[in-house]
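Have a look at the structure below before the remarks.
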Protein chains: 2
Amino acid sequence: MLPSSTVENYLKAIFLGQSQLTGAQRLLPMGQLALSLGVAPGTATTMVKALAESGLVEYEPYNGVRLSGAGSRLAALVLRRHRLIELFLVQVLGMRWDEVHDDAEQLEHVVSERLIERIDEVLGHPEVDPHGDPIPSREGEVVWRALDSLLTCPLHTPVTVMRVTDQDAAFLRFLEKHDLKPGQSIEVEARDEVSDSVSLKGKTDQRITIGMRAASKLLVEVR
Amino acid sequence: MLPSSTVENYLKAIFLGQSQLTGAQRLLPMGQLALSLGVAPGTATTMVKALAESGLVEYEPYNGVRLSGAGSRLAALVLRRHRLIELFLVQVLGMRWDEVHDDAEQLEHVVSERLIERIDEVLGHPEVDPHGDPIPSREGEVVWRALDSLLTCPLHTPVTVMRVTDQDAAFLRFLEKHDLKPGQSIEVEARDEVSDSVSLKGKTDQRITIGMRAASKLLVEVR
DNA sequence: ATTAGAATTTTGAGTAGTCAAAATCACCGC
DNA sequence: GCGGTGATTTTGACTACTCAAAATTCTAAT
Ligand SMILES: [Mn+2]
Ligand SMILES: [Mn+2]
Ligand SMILES: [Mn+2]
Ligand SMILES: [Mn+2]
């Protein structure tokens, strides 16, 4: 039985939630899952029990949920479609990187195997989407690249923005306006715990100071 | 309340069914509707009563159903999305004209206003889809072009194939193989009631004979 | 050890869409 | 006018998904 849009969204949310998790357990609490899906807690519990029935997740009552091998593969394929579609909308249809997420959220559930492979081909088998998120392979494998955030990278050292871990449209437009899109080169000038801020130097020597919460969402690589 | 995929499919099926109808009533029988949606007769009845509640159709028990103004506009917009998507898949993604229908059937329900307008623009505001079906306007207006079929057009006269009224993949591949796609020029050599057949002369003087049922699905225009 | 508070699960109910089969209706031929 | 036939509607039931609110369980602080 092929998974419904709802099931695909649950699997994807668990996948994403788990990837944020530290610790070997990788158990995502139901509350977090419900929150990320915008659903009542009881709803998530019910659904997760059904997913466990069909072998897509392991469920530990009162502790949380974890994807099985099959579930993980399925989730990665949804993510693959989502990210290929986002890139396609930007690259081929000229949409902005801050407006493609919602369309991709729907399209990821209906594009056929054939269609997504055509898209992949037209794009030349890309490795990352417009936000720098890695595109899982046809087989459901994701290459997890270790990246610093602006909170952990070395100071006074040129780094390249590689990835943005927040899809909020206003945030993305802010980044674009200040040349902080993936691919851009910047330097962290200073971090200050007290003022909760990080100061950056951009390409043409513009300076900008952002909050630490925002800084944590920009992932970079030392060049 | 925005219409579900199911509602959109019902409206589209009624729209298409009605367009086949002769007579001023334009009342589509429930049996026909149920058949075209692949649904049990009782299911169609229930759904149509709900559609009537929300003012999208007029329902005459035991007689049939007819779209209201609002329903008709909505149906035309679904059709607009369907046909733009089909053309896009062929033109931009290089898919074959016999394999785009199923994808379009799903995509028509999830593409956003913004996305479909981008697609329309990239395609240069086309008037017909790969099968020659007219693309309704943004406002939900369809230009009904009067066309002959191969059963009614004059004999021994060059005509241009304009439209194919059957999405069956095998049939479409057959047409392609024999240069009978929209745009091609042909002539009807003969019709024979007894053998239920129509004989055609193609571009490079190839001849081919097809059944009347098939011939009725090819719409042409005298040049 | 108790216990308050938070997280989670359970319960009861509701919506959207579907089917099979029984009941009903419309119409045509006689 | 009377039946019979086929189309249509009604009925009762089921699946998938959801919520609000009550009940339960876990945990961490006293
Ligand atoms: Mn989604
Ligand atoms: Mn993305
Ligand atoms: Mn459809
Ligand atoms: Mn078409």
Are side-chain N/O atoms of A/H109 and A/N9 paired as donor and acceptor at under 3.5 Å?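 A/H109 vs A/N9: donor-acceptor pair found between side chains.
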
Using a heavy-atom distance cut-off of less than 4.0 Å, which residues of residues 1-14 of chain B contact DNA chain D?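 Close to the strand, none.
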
Salt bridge or not between B/E117 and B/R114? Use side-chain N to carboxylate O under 4.0 Å.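 No, B/E117 and B/R114 are not salt-bridged.
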
I need a per-nucleotide contact map over nucleotides 3-13 of chain D, read 5' to 3'. Cutoff is protein heavy atoms under 4.0 Å; write B for the base, S for backbone only, - otherwise. -----SBB---

Rounded interatomic separation in angstrom, taking CD from A/E53 and P from D/dC17: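 Distance, rounded to whole Å: 14 Å.
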
Report the distance from atom CG of A/L33 to atom P of C/dT8, rounded to the nearest whole Å.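 Going from CG in A/L33 over to P in C/dT8 covers 10 Å.
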
Could you list the residues that satisfy ring pair (Phe, Tyr, Trp, His ring centres under 6.0 Å) with B/F174, not counting sequence neighbours?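 B/H178.
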
A/H131: partners by ring pair (Phe, Tyr, Trp, His ring centres under 6.0 Å), with sequence neighbours left out: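 In terms of ring pair (Phe, Tyr, Trp, His ring centres under 6.0 Å), with neighbours along the sequence ignored, A/H131 is linked to A/W97.
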
Just list the side-chain donor-acceptor pairs under 3.5 Å for residues 40-51 of chain A, sequence neighbours left out, or say none.
| residue | atom | partner | partner atom | Å |
| --- | --- | --- | --- | --- |
| A/T45 | OG1 | A/P41 | O | 3.3 |
| A/T46 | OG1 | A/G42 | O | 2.9 |

Atom pair OG/CE of B/S149 and B/M212 - distance to nearest 0.5 Å: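 Result: 9.5 Å between the selected atoms.
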
How far apart are the C-alpha atoms of B/E221 and B/R145, what are their side-chain angles, what is the distance that settles it, and do they pass the salt bridge (charged side-chain N to carboxylate O under 4.0 Å, His left out) test? CA-CA 10 Å; B/E221 192 171 63; B/R145 197 156 173 180; 3.2 Å; yes

Can you list the residues that meet the side-chain hydrogen bond (donor to acceptor under 3.5 Å, both in side chains) rule with A/R83, with sequence neighbours excluded?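 side-chain hydrogen bond (donor to acceptor under 3.5 Å, both in side chains) list for A/R83, sorted by chain: empty.
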
